[in-house]
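What follows is one structure encoded as structure tokens, with my remarks underneath.
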Amino acid sequence: MKRFIQLVAIIMALLVPQSINARTGVIYGSGASDFSVETNGDAQQVKLRIYKDGMGGKPIKTVNMKRNEKAGELLWQATVKGDLKGKFYTFDVKYNGKFYGECPGVWATAVGVNGKRGAIVDMGGTNPQGWANDRRPAIEAKDLIIYEMHHRDFSIDPSSGIEHKGKFLALTEPRAIKHLTKLGVNAVHILPSFDYASVDETRLDEPQYNWGYDPVNYNVPEGGYSTDPYRPEVRIKEFKQMVQALHRAGIKVILDVVYNHTWNIDGSNFQRTRPDYFYRKNADGTYSNGSGCGNETASEREAMRRYMIESVQYWVDEYHIDGFRFDLMGVHDIETMNAIRTSVPNDIFIYGEGWSAGSCAYSGELAMKANINKMLGIAAFSDEIRDALRGPWDSNSKAAFLGGVKGNEESLKFGIVGAIQHPDIDYSKVNYSKAPFATEPTQMIAYVSCHDDMCLVDRLRASVKGITTEELIRLDLLAQTAVMTSQGVPFMLSGEEMLRDKKGVHNSYESPDSINHLDWGNLERYPQVMDYYKNLIALRKAHPAFHMGSAALVRENLSFLPVENCLVAFHINGRGVPGEQWGDIYVAFNTHKRARSIEIPEGTYTVVCRNIACDPDGITTVKGGKVTIPAQSALILHN
């Protein structure tokens, strides 16, 4: 009976079209290569063209592909004999009597320069030495400390001392690895690193800059970050080398993915293979614009949902990616996000922006922040704690808690507990969410700045009038102390540890290096900032009380002291937290320009953070009773 079942399974596998053929574009073989492209049902013809080079020249072979009737008339296939390794290909699909234009299809896994043609590559040959033994670092979601970075920002300045400036290989160099490990972060969130449109890879000797939120080929690394975009295998291998180097250092790699829109419509691979299938439309026939980019994808449609799932799986399997940050996650439907969550291992961390950039032409439930409690194992950014600290998103000049503006205390408390239900919070006074959105604290990303909007230093300068350098440093460190002692997952923008600024530019997505670069010289100018950051991160990592990972534990062991204007303090009962060595822990934030005090039980306490100093081993000791918090600073102490 067992052999019979096995035989039936084999026969069914031969009869049923394999999804791998529908999604890979090309399967390379030394004797022949198989090509596949999925279309709409009314496609009339598909031409496959083979080229010698990634751009220019005439095709060396043109093949009329055949419709696979067993695949529901959506799949067109062709087999081309011979060893085509190193060659390039395009598909051209005909609808209503016209061809929609050559493209590599939606499932290209290697491309030529600027991604106009797919590349025929032996993927096994792109693996660096030791790749088979590469493993994801074993770090639980509650223990993550995320560092968001752009490849070019991080390494482009001469002060970085990094050779491969603006490249994937920058993160393989000892200078980069040493800095990240010294800082203590254990996850790097890289801004979009797939092939995108706005940087011309044929002109990399000229200054060009973009964040990369304009996708072309979702499943291929960006050529602008490789040392040779003309050779398809180079970008693939160098991306893997980057992941491998970070993994060896115990650092996870999180990929910023932008499935909510494409760089355009008419020229997109989606539109050229399946016109209007992948995009939502309004009732009047116009394209819906929930993405704010002139189009939004339709994640609820079967092929788009399958595409997103298989794309994420591909990055996990082929590139060993450890997590995904979904751009404008609120454009996607809940069912798709939950399907993605269950399709990858549990240790793959998934989070995103729980909002859209406009209204979406979709009547079902979207993956908005308010629906996070329906998406277990998926996290969302908390703009509650962000704006409670720095000020509202719609005004650069308005301050909040950091600027001594009262009324933000409950929103800060909301972020401290990780956006969960907690008896000490008055949700009616929380700035955006009037109810908890997270079931567990690991479903909330705690942050005060990211690539979007002003960085922290610029925002403080714009919103706190007459701020001095001393005040700026004090408030900067206070803000990050709130982030790092939050029960959510902490997240920081690269360069904050260097007191980074972007010359006040609010949206630097295409600003030059002079705006976006990290000035590594600031490590020497402001050594106290880096010292505080690394010690604060070390403190969080060493003490489970600051990352309990359980809503029940947070409710049982974290309580707030009476709130005062511009003063928030809380107590953690370390005895109730598994693995915690400290007993009573008190954390306080004072943004007044004068010292304030809180009342705590009598006893002797060790101070580990005060003013602009942080030392997990202790700075000094104080007696209980009335304890002073210096002006514009955080205080952490324990017994």
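For this chain, numbers begin at 1 and follow the sequence in order. Since this is a predicted model, take the numbers as computed values, not measurements.
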Side chain of [X], backbone of [Y]: donor and acceptor closer than 3.5 Å?
X	Y	answer
Thr481	Leu477	yes
Gln244	Thr172	no
Lys541	Gly184	yes
Asn295	Thr262	yes
Ser494	Glu148	yes
Glu497	Gly495	yes
Glu580	Ala545	yes
Tyr532	Gln480	no

For the pair [X] and [Y], find out whether any cationic side-chain nitrogen is under 4.0 Å from an anionic carboxylate oxygen.
X	Y	result
Glu173	Lys178	no
Lys374	Glu365	yes
Asp153	Arg500	yes
Arg280	Glu300	yes
Glu201	Arg235	yes
Glu163	Arg175	no

Exercise. With Arg152 as reference, evaluate Asn210, Asp513, Asp157 under the side-chain hydrogen bond (donor to acceptor under 3.5 Å, both in side chains) test and give the passing residue.
Key: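 Exactly one pass, corresponding to Asp513.
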Are [X] and [Y] close enough that a side-chain donor and a side-chain acceptor fall under 3.5 Å?
X	Y	result
Asn260	His332	no
Thr227	His164	no
Ser198	Glu510	no
Ser299	Tyr362	no
Glu384	Ser433	yes

Considering all heavy atoms, the nearest [X]-[Y] contact:
X	Y	value
Phe546	Leu539	CE1-CD2, 3.1 Å
Ala482	Ile385	O-CD1, 4.4 Å
Gly391	Arg459	C-NH2, 3.2 Å
Ala119	Gly112	CB-N, 4.4 Å
Ala108	Val220	O-CG2, 3.3 Å

Would you call the rings of [X] and [Y] parallel, tilted or perpendicular if under 30° counts as parallel and over 60° as perpendicular?
X	Y	result
Tyr259	Phe326	tilted
Tyr218	Phe270	parallel
Phe437	Phe414	tilted

Quiz item: Is any side-chain heavy atom of Tyr314 less than 4.5 Å from a side-chain heavy atom of Thr109?
Solution: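 Side-chain contact under 4.5 Å: yes.
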Practice problem: Assess whether side chain to side chain contact (heavy atoms under 4.5 Å, CB included) is satisfied between Leu255 and Tyr319, documenting all intermediate values. | Solution: CA-CA 10 Å; Leu255 188 66; Tyr319 290 98; over 6 Å; no
Exercise. Kindly indicate, with the supporting measurements, whether the criterion salt bridge (Lys or Arg N to Asp or Glu O under 4.0 Å) is fulfilled by Asp453 and Arg390.
Key: CA-CA 11 Å; Asp453 305 326; Arg390 68 167 201 185; 3.5 Å; yes
Exercise. Would you check if the distance from the ring center of Trp520 to the ring center of Phe154 is below 6.0 Å?
Key: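 Close enough - the centres of the two rings lie under 6.0 Å apart.
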Quiz prompt | Close aromatic pair by centroid cut-off 6.0 Å: Tyr213 and Tyr509 | solution =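 Not under 6.0 Å, so no.
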Quiz prompt | Candidates Ile572, Val577, Val417 - the one meeting side-chain contact (heavy atoms from CB on, under 4.5 Å) with Val554 | solution =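 That would be Val417; it is the only one of Ile572, Val577, Val417 passing the side-chain contact (heavy atoms from CB on, under 4.5 Å) with Val554.
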